[in-house]
Amino acid sequence: MIAVEQLTKRFRKLTAVDGVTFTCRDGEVFGLLGPNGAGKTTLLRLICSLLEPTSGSASVDGFDTCRDARHVRARVGLLVETAGLYGRFTPREHLRFYGRLHGLSGSRLETRIATVLDMLEMTEFADRRAEGFSAGMRRRVVLGLALIHDPPNLLLDEPSVGLDVMSIRNVRALITRLRQEGRCILLSTHLMDEAERLCDRVAIIHKGRIRALDTPANLIAQTDAADLEEAFVRIVGEERLRADLWLAERRPRWYQFWRYVRTGRSQHD
Amino acid sequence: MIDTMYTVLLKETRDLLRDRGTLLVIFATPFALTLLYLVAALLLALYTLREARQGLPIALINGDQLPGLQAVLEKSRALKLVPAPPDVDDALHSGELALVLTVPEGAAAALAAGHPITLTLTVGYAGLRSDLAVTLIQSFVEDYGDQIVSERLAQHGLDPSWLKPVRLQYTSPPAEGIAAAPTLTGEALPNLLSLLFIPYLVTLWTFSGGIDMIAHLTVGEKERHTLEALLVTPADRVGLVLGKVTFSVIVSLVSAALWSLNTLPYLWIFSTTFARIGSLTGTVGLRHIGLSVVWLTLLIAPLIVMIAGLITAIGGLARSVREAGYIMTAVRLLLPALAFLVVLTVDTSPPLAIYTVPIIGVLVAMRDLWGGGIAPGLLLLTWLAAAIYAGLAIYLAAYLFSREWVLWRGL
Ligand SMILES: Nc1ncnc2c1ncn2[C@@H]1O[C@H](COP(=O)(O)OP(=O)(O)OP(=O)(O)O)[C@@H](O)[C@H]1O
Ligand SMILES: [Mg+2]
């Protein structure tokens, strides 16, 4: 179980996560929806104690992320959003390395590796070095790293990115299975149909704040929308449009120039 | 902690073993260089031998003035007296002549009257052959002078030793305490040489590639985006850092050892070729070389671990491999310079506290060990202090490795 209470994370002036409160129960898939930069990844990092909260707290199975970081990390599997691999190691070796770091060893580790390889359909390339892997292959290995220690809580940051249709179906089936096994799953995604199909509840996050939290069906009903995508756009879209216009008007010339120097893009790109 | 350390060490070792390119550069370069030096030394020796056998072509002008000198030169097999060609300068330029020795007009008469004479040596552009010829001529002319002096002394019924009433013999006091010195006996030159060995050793180590490894192990994980997955495991941070540091220390020790193999051909050339030519009459002897290496390694080990720990910490702070690369360059420039300064400027019997100063203490102790010896207690003090600093550096690295502001820099 994951419980988050008034969680806030500030990076200098930027507030990435702003007073977020929710609970994700065991056997539940909890979706995090939000535009780019909403604070989803930051939120997940806070929960597995990779980041320290500025204020508020989070706990996993009752262990506080600040005080019992090691317990938290042992009970959480994080699918890292932008994870890389060691090019000279095979998926099997990756799993072995991370399994050892999780304290597994011997035949227990080897059976677990075999299970994960099988679960993610990696047996075919399990003993090929990772350099030159396709995006989908890499993604599956990274997902394997999150599962190797059989964690009761899963934080999945955009699990279907880069996967082909068959693999996406597979991963979704896997998530459903993991949920049935009674795990607590936090799922960050940009795919509305995925959220609608998989999630028991979703939180729509924008600029670090939860703007709405309910079951997909309720959100659709509340916003008078046809599906979750429309509901999402209604909740996030208008506000975002307004905010952007407001900012654009306010930014002075020198800022636009500075932005162009730094990013090579003008405001209208 | 030990488990984590071992796991990381194993992984890094395997990674390096599979990284053929890096492995080649780290381990094969010293071998290639050693081979190159050996070949160069061999060629040099062969060349010298061949030239000496063929005889270096020199011309003696007005040789008939000094028949004694001419006879000495003619007797030498290494020199070949040839008649002076019409255009001497041209012959010297083309390398046809190694050098020309000119005896002034009326030299015989001047010598007979007891006046000193000046011979002119014109050195040609025949490269090493000219240099060899100069060395030989110098010793022959000196011998010839000695010969005249002894003849003159004999005329007066005096013994040649009458001219050199005082002699100088070189010895060193026996080393005190523990000494690992390769004793250099003979002429006075070696003292500085042996002092410079310490900066040389430090330079060798900083350039041998092991410390670059550390930066890559830390900031490299950032750049490859593997750090986050690593840190989300409950693995002990100290264990992670220790694994990486141990790995780099092993690599740097091995590669530094390989690099120091290059010193052997140098020593060989130095002690054979030059000693034989006669510019260095002393012998460069390495006594107890095995023991020296053991002592020096023991002493330098905590220093290496400390610097490895510090670089791990700095590597964690760096935003990119490039930034870490520049930090490495700074370390490479600063550390040997510091070693150089310490070895040359710190007094021979400095206050005890010096031995406990980070980095400097070890350098001073290494110098003592290499030179006149060091008391066992002092050695232990230095080693303990260095070990404590090494522990602190590892702890600092581990601490920074769990600091959020460090880990997310540049990500
Ligand atoms: N380590 C950091 N230092 C400074 N700012 C950060 C850091 N990590 C995240 N941010 C900022 O926090 C905000 C939220 O980022 P986050 O990665 O959580 O967004 P996200 O919802 O995951 O976006 P996306 O859907 O694109 O993955 C962004 O503005 C980002 O620039
Ligand atoms: Mg994200």
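Labels below follow one simple rule: chain letters A, B, ... track the order of the sequence lines, proteins then strands, and each chain is numbered from 1.
- Screening residues 148-161 of chain A for side chain to side chain donor-acceptor pair (under 3.5 Å), with sequence neighbours left out, gives Thr41(A)-Asp157(A), Asp61(A)-Asn153(A), His102(A)-His149(A), Asp150(A)-Arg183(A), Asp157(A)-Ser188(A), Glu158(A)-His190(A), Ser160(A)-Glu194(A).
- Of all residues spanning residues 107-143 of chain A, those with a heavy atom less than 4.5 Å away from chain B's heavy atoms are Arg129(A), arranged by number.
- Only the side chain of Glu93(A) comes within contact range of chain B, with heavy atoms under 4.5 Å apart.
- Dense packing is recorded around CZ of Phe22(A), with more than 12 heavy atoms of other residues, nucleotides or ligands lying under 6.0 Å away.
- A donor-acceptor pair is defined here as one N or O able to donate and one able to accept, closer than 3.5 Å; no such pair exists between the side chain of Arg179(A) and the backbone of Ile185(A).
- Asp68(A) meets the side-chain contact (heavy atoms from CB on, under 4.5 Å) test with Phe63(A), Asp64(A), His71(A); sequence neighbours excluded.
- Here the side chain of Lys40(A) pairs a donor or acceptor atom with the backbone of Gly34(A) at under 3.5 angstrom.
- Interface remark: Asp15(B) contributes backbone and side-chain atoms alike to the contact with chain A (heavy atom separation under 4.5 Å).
- Proximity to chain A involves both the backbone and the side chain of Leu230(B), based on heavy atoms less than 4.5 angstrom apart.
- In this structure, chain A has a heavy atom under 4.5 Å from the side chain of Arg237(B), while its backbone stays farther away.
- Distance alone, capped at 3.5 Å, is enough to place a donor-acceptor pair between the Thr65(A) side chain and the Ala58(A) backbone.
- Residue with the most contacts toward chain B among Glu81(A), Arg96(A), Glu52(A): Glu52(A) (heavy-atom pairs, distance under 4.5 Å).
- Highest contact tally toward chain A, considering only Asp3(B), Leu10(B), Val8(B), Asp19(B), is held by Asp19(B) [criterion: heavy-atom pairs under 4.5 Å].
- Heavy-atom neighbours of Arg18(B) CZ from other residues, nucleotides or ligands within 6.0 Å: above the threshold of 12.
- Applying the side-chain contact (heavy atoms from CB on, under 4.5 Å) test to Ala74(A) and every residue at least two apart in sequence or in another chain returns Pro234(B).
- With a threshold of 4.5 angstrom between heavy atoms, Leu85(A) approaches chain B through N, CA, C or O but not through any side-chain atom.
- Residues Tyr98(A) and Val232(B) are not in side-chain contact: their nearest non-hydrogen atoms beyond the backbone lie 4.5 Å or more apart.
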